[in-house]
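Beneath this line is the structure, given in structure tokens, with notes to follow.
Counting begins at 1 with the first residue of the sequence. Since the structure is predicted, the reported quantities are computational estimates derived from the model, not experimental observations. Basis for what follows: all heavy atoms, side chains included, without hydrogens, waters or symmetry-related copies.
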Amino acid sequence: MSLEEDRNNGDASVTDKFRESITKFTFSTPCQPQLDSAVASSELPTSRCSSRVAAVRKLEIKCDVDALSSNSPGKRKRKAPNASPSKKLKRGYAPPEAYAHLSPLTDYLAYGLDVIFCGINPGYMSAQRGHHFAHPSNHFWKCLHQSGFTPRLLPPSEDSSLPKAFNIGLTDLVDRPSSEASELSSSERASSVPILLGKLALHRPRFLCLVGISNWEILHKALLQMTRTTGPSKTSESPGASKASKASAKNIGLQPFKLRYSGPVSDTSVNINETLLFVVPSTSGLVTQYQVRITSHFHNFACLTFLQLPAKVKFFAQLKSLVDQPPLELDTSEMKCITVPHDPMHNL
């Protein structure tokens, strides 16, 4: 063997020993992806090729998942946390023939009552059952009882007993029934005001309580019209005239108007010369504007409860306190006096 061959063999053995010594320092990934033959035969280093291929495959998988989720037929977009729920739309005008199968309710009135409660119009269930405020969700009878007008909670079926037993009357501004008050036209409500004033002139209650702000808006507009057409002169105008003219139709409670009557009296045993006007919110369960916020605690958690009934009872209780006062103790000098003729149909 020549000297050159011996040197080559020595170099090879040294190289082999060096490779074996560094084998234990070699790093390998436990799940290295399988490379395509084209990629494996490329001139790039193995570690760089594997990382690039893994990144490309991860991007392709993500794109496929996004495409499937966006095209899924059952996939719905999630609403924003602060998005408000959709409100129930009010019904539009419904002609009288839409509810021709329902009959109007009977008025329960008498002369010289303490209060006549006037609703907007009979609801669908009330017309079906033939009794005022007959829907189970309506708060009228509960408000009447909890404010002290009745000693017990009356069912709607006892509405006819109110005038004789409790000196309370019931009527409606518009007599035709509907599912919602929004199904009545404005002209229909306005044309019913003279009929209501005729009932008041005939029975002369101490108070007229309008159940519902929209009820008062219609009557308020008619009263202002009466003051412009048949009102007294400026020299005889009462001190509360300007206050009454500026009064908002949105006000709840005692109003700055009083009705005074002309014409014959049907019952001379009771001397009532004027009727005061009071407004309470609608007692319908759909009206949630007037609520009481109550914080209760349950298992160390604070719970907010919104109750409609106590807020509405408060207004009925205010009316009851006025009814309990003797008429002479109520100061009505600053109220706008409106004379109601015996036949109001000719004045509106």
Side-chain angles (χ1 to χ4, degrees), residues 99 101-181 183-184 189 192 195-216 219 266-267 270 272 275-287 308-309 312-320 322-324:
Y99 298 99
H101 59 289
L102 298 176
S103 300
L105 295 178
T106 302
D107 288 339
Y108 296 111
L109 304 173
Y111 186 85
L113 296 174
D114 287 333
V115 187
I116 290 180
F117 289 94
C118 178
I120 300 175
N121 75 310
Y124 192 94
M125 185 172 293
S126 295
Q128 274 188 327
R129 298 183 177 181
H131 298 288
H132 293 265
F133 305 104
H135 197 285
S137 67
N138 198 290
H139 301 139
F140 176 79
W141 297 101
K142 293 179 180 178
C143 289
L144 209 63
H145 168 56
Q146 295 186 21
S147 61
F149 277 103
T150 58
R152 60 184 177 87
L153 179 59
L154 300 178
S157 58
E158 295 186 28
D159 52 2
S160 61
S161 67
L162 289 181
K164 186 175 181 179
F166 306 103
N167 213 32
I168 295 173
L170 294 176
T171 189
D172 288 300
L173 177 63
V174 181
D175 62 353
R176 80 172 180 95
S178 66
S179 293
E180 294 182 9
E183 294 178 294
L184 304 175
R189 298 189 190 192
S192 299
I195 301 175
L196 174 63
L197 294 179
K199 295 177 184 179
L200 298 177
L202 180 63
H203 297 97
R204 300 193 180 188
R206 288 185 58 202
F207 288 88
L208 170 67
C209 181
L210 297 152
V211 183
I213 296 179
S214 61
N215 239 0
W216 169 235
L219 182 58
S266 59
D267 187 351
V270 181
I272 297 179
T275 296
L276 305 185
L277 307 178
F278 198 92
V279 179
V280 297
S282 171
T283 56
S284 170
L286 298 176
V287 177
Q308 304 174 42
L309 186 57
K312 295 179 180 180
V313 170
K314 179 182 68 174
F315 298 109
F316 277 74
Q318 292 176 4
L319 174 60
K320 182 64 169 62
L322 293 174
V323 171
D324 291 340

| Partners meeting side chain to side chain donor-acceptor pair (under 3.5 Å) with E158 (sequence neighbours left out) | R152
| task | Return yes if some donor-acceptor pair links the side-chain N/O of R206 with the main-chain N/O of G112 below 3.5 Å, else return no. | result | no
| What residues, two or more places apart in sequence or in another chain, satisfy side chain to side chain donor-acceptor pair (under 3.5 Å) together with K314? | none
| task | Go through the structure and list residues passing side-chain contact (heavy atoms from CB on, under 4.5 Å) with S126, not counting sequence neighbours. | result | L105, A134
| field | Qualifying residue, where the test is side chain to side chain contact (heavy atoms under 4.5 Å, CB included) with K199 and the options are L202, I195, L197 | value | I195
| field | Side-chain H-bond candidate by donor/acceptor type, D159 with H132, under 3.5 Å | value | no
| Between H135 and S137, is there a donor-acceptor pair closer than 3.5 Å when you use the side chain of the first and the backbone of the second? | yes
| request: Tell me, please, which residues at least two apart from F140 pass ring-ring contact (aromatic ring centres under 6.0 Å, His included). | output: F117, F133
| Between K312 and T283, a side-chain donor and acceptor under 3.5 Å | no
| query | Looking at residues at least two apart in the chain, or sitting in another chain, which of them share a salt bridge (Lys or Arg N to Asp or Glu O under 4.0 Å) with K142? | reply | none
| query | For the side chain of S284 and the backbone of N138, is there at least one donor-acceptor N/O pair under 3.5 Å apart? | reply | no
| Exam field: side chain N215 to backbone L210, donor-acceptor pair closer than 3.5 Å | no
| query | D172 and N121: side-chain donor and acceptor closer than 3.5 Å? | reply | no
| said: So, using ring-ring contact (aromatic ring centres under 6.0 Å, His included) as the criterion, who are the partners of F207 when residues are at least two apart? | reply: none
| task | Check the side chains of Y99 and E183 for a donor-acceptor pair under 3.5 angstrom, ignoring hydrogens and angles. | result | yes
